[in-house]
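Have a look at the structure below before the remarks.
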Amino acid sequence: MATREEIVALFAEPEFNPQNYKGETDENGLPHGSGKMKYEKRMTKYWLGYSDHSVAPKSYTGEWCHGVKSGEGKMTFYADDCQHYSYTGTWADNLPEGSGVLRVIDARNCESNTPCNFVAGWREGRNTTIEFGKIYDCQWREGLKQGEGICTLEDGRQYKGEWEDDKLQLESCSYVEAKDIPTLIVEIHHEGFDYRRRLVALVEGTEGEHIIGDVLPIVQDKGFSDEELLITILGLEGGALKYRVEAHYSDNDTPVYGVISVGQSIKHEFCKKCKATIYDDDYDYEIVRSITIHYK
């Protein structure tokens, strides 16, 4: 999570360069009224209320007050893993303030337009946000999900739970409309290179295939590969669920089989060796996917 100082630094105006600005000015030549400012690329990693992206301001078009972003305006961002990233809404003292919309088009061309509320650059209060096909309606505090909330899946199912520092607390997780069937909570951790993500999903313990996808794509050899996890419930035997796990994004495509009982947690790991090219230098790294299955 970004600190208060980092949030302020992210949106602060650099030294004014008239060549980067077109619009109205005050008596001192500073932006005042309506105008557009372009910014040089300077990638930094900050929390911006959508996900943990490396972002930096690209342009701001809107209202100014003596060199300070103030009023209605739109800022677009350089983003390391998105085609488009922008915030349109109200501003005060160079920071998002009040209501606005975050628009994101990710690497897979999936678009989301998320209404949100900001206080001094941080998401605050009750907000609805769309992340990788899931709709979260929950409380925010200082830019993080905090307290109770509801997540709506792409198929319309909903689960509720408690969030603490943006992490769903597994013991609080359950379907909004309780069903008299077994439920698995699948917790996935992805780590490797400059990449770290956690995903929590609910899986009904009914026989058949359950695909967990729409996870942040990984850049590999200048291409994108969607991570998908396939869990197949093989049946219920003596109160225990038999299952099979397949991770398509892995060096070893061999399925893993398991049997899990109520109250039990089982962990599996899948690894993928990758190579990245940054400024003509090649880097070898490994992505580890830790998958923990909890049976409520």
Side-chain angles (χ1 to χ4, degrees), residues 1-107 111-131 139-146 166 194 278-279:
M1 173 188 171
T3 65
R4 175 64 186 162
E5 290 74 18
E6 289 171 333
I7 289 289
V8 172
L10 172 64
F11 292 109
E13 283 298 308
E15 184 176 352
F16 179 58
N17 183 349
Q19 294 182 346
N20 295 334
Y21 177 75
K22 289 184 178 181
E24 300 173 323
T25 59
D26 62 11
E27 63 277 10
N28 296 316
L30 296 176
H32 187 71
S34 298
K36 179 177 182 178
M37 180 76 76
K38 293 183 178 180
Y39 303 98
E40 297 180 0
K41 192 172 183 179
R42 49 181 181 85
M43 299 306 291
T44 48
K45 200 173 187 71
Y46 290 107
W47 180 268
L48 195 57
Y50 172 77
S51 190
D52 209 1
H53 293 289
S54 294
V55 300
K58 185 177 183 180
S59 68
Y60 171 82
T61 304
E63 298 176 325
W64 297 81
C65 183
H66 302 295
V68 177
K69 295 183 287 291
S70 182
E72 296 291 327
K74 174 182 179 180
M75 176 170 280
T76 62
F77 296 84
Y78 298 103
D80 59 352
D81 48 12
C82 294
Q83 298 182 44
H84 178 88
Y85 201 118
S86 66
Y87 167 74
T88 303
T90 54
W91 296 74
D93 295 328
N94 278 331
L95 296 171
E97 178 74 34
S99 60
V101 175
L102 281 173
R103 180 170 181 254
V104 178
I105 302 176
D106 67 19
E111 180 176 348
S112 65
N113 293 277
T114 306
C116 49
N117 296 308
F118 280 94
V119 175
W122 263 325
R123 297 284 291 274
E124 289 284 353
R126 192 80 182 189
N127 276 270
T128 299
T129 178
I130 303 172
E131 299 179 17
Q139 294 289 336
W140 289 69
R141 187 169 67 249
E142 295 186 351
L144 297 177
K145 301 182 194 73
Q146 301 277 10
D166 215 56
D194 187 20
I278 303 176
Y279 298 116

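Treat the numbers as computed from the prediction; the structure is a model and nothing was measured. Throughout, numbering of the chain's residues begins at 1 and tracks the sequence.
Residue F11 forms a ring-ring contact (aromatic ring centres under 6.0 Å, His included) with just one option from W122, W91, Y87, and that option is W91.
The aromatic rings of Y21 and F16 sit perpendicular to each other, their planes meeting at more than 60°, with 30° as the lower class boundary.
Closest heavy-atom contact between S59 and T76: OG-OG1, 2.7 Å. Between L95 and A120, the shortest heavy-atom distance links the atoms CD1-O, 3.6 Å. Here the shortest heavy-atom pairing between T61 and K36 reads OG1-CG, 3.3 Å.
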Query raised in the report: Stepwise, does the side chain to side chain contact (heavy atoms under 4.5 Å, CB included) test hold for L102 with R123?
Result: CA-CA 11 Å; L102 281 173; R123 297 284 291 274; 3.7 Å; yes
Query raised in the report: Could you go step by step and tell me if M37 and K69 meet the side chain to side chain contact (heavy atoms under 4.5 Å, CB included) rule?
Result: CA-CA 10 Å; M37 180 76 76; K69 295 183 287 291; over 6 Å; no
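E124 is not listed as a side-chain neighbour of F118, based on a closest heavy-atom distance of 4.5 Å or more. A heavy-atom distance below 4.5 Å is not found between the side chains of S86 and M75. In this structure, N94 and E13 have side chains that are in contact, with non-hydrogen atoms separated by less than 4.5 Å. Counting heavy atoms from C-beta on, the side chains of V104 and H84 never come closer than 4.5 Å.
Remark: side-chain polar atoms of Y39 are not paired, donor with acceptor, to backbone N or O of P14 under 3.5 angstrom. The backbone N or O of S34 sits less than 3.5 Å from a side-chain atom of E24, completing a donor-acceptor pair. When atom types are taken as modelled, the side chain of N28 and the backbone of L30 share no donor-acceptor pair closer than 3.5 angstrom.
Separating the NE2 atom in H32 from the NE2 atom in H66 is a distance of 4.0 Å, to the nearest 0.5 Å. The line from NZ of K38 to CG of N20 is 8.5 Å long, rounded to the nearest 0.5 Å.
Heavy-atom neighbours of D93 CG from other residues, nucleotides or ligands within 6.0 Å: at or below the threshold of 12.
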